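See structure below.
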Amino acid sequence: MKKIVSFLVVPFIGLVLFSSSALAVVQTVTFSVPGMYCAVCPITVKKALQKVAGVTKVDVSFEKKEAVVTFDDAKASVNKLLDATFEAGYPAEIKRGNAK
Ligand SMILES: [Cu+2]
């Protein structure tokens, strides 16, 4: 059973890694930022994300507790964005993203 799983999963991971690093694309990713508890928090989160090189657009919603970030994936990455919000005091999680 284990062998069958790795047989299916490994090529899939390879495909994902390849498609995300082969060429620079503009990506829009939605992050869940559950730690935002007042109206000022989204401003802090937005500033932190805007400081990341390659980020072109940031929309933070306090109501939805999420941040929608558009970035050039040759310069920025999901991990860099996660680091930025974490360092600002708002650990985030990826909600959904599109890579095209
Ligand atoms: Cu706040």
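FYI, side chains are in, hydrogens and waters are out, and symmetry mates aren't considered; it's all heavy atoms of this structure. Indexing begins at 1, ligand by ligand and atom by atom, following the structure's order. Fair warning: this is a prediction, and the values are worked out from it, not measured in the lab.
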Matching residue for Val69 among Thr56, Val55, Val45 - test: side-chain contact (heavy atoms from CB on, under 4.5 Å): Val55

Metal environment of the Cu ion (ligand 1), protein N/O/S under 2.8 Å: Cys38 SG, Cys41 SG

Phe71 and Leu81, any side-chain heavy atoms less than 4.5 Å apart: yes

Minimum side-chain heavy-atom gap Thr85-Phe31 below 4.5 Å: no

Atom CD of Gln50: over 12 foreign heavy atoms under 6.0 Å: yes

N/O donor-acceptor pair under 3.5 Å between Lys47 side chain and Ala88 backbone: no

Under 3.5 Å donor-acceptor, Asp59 side chain and Val68 backbone: no

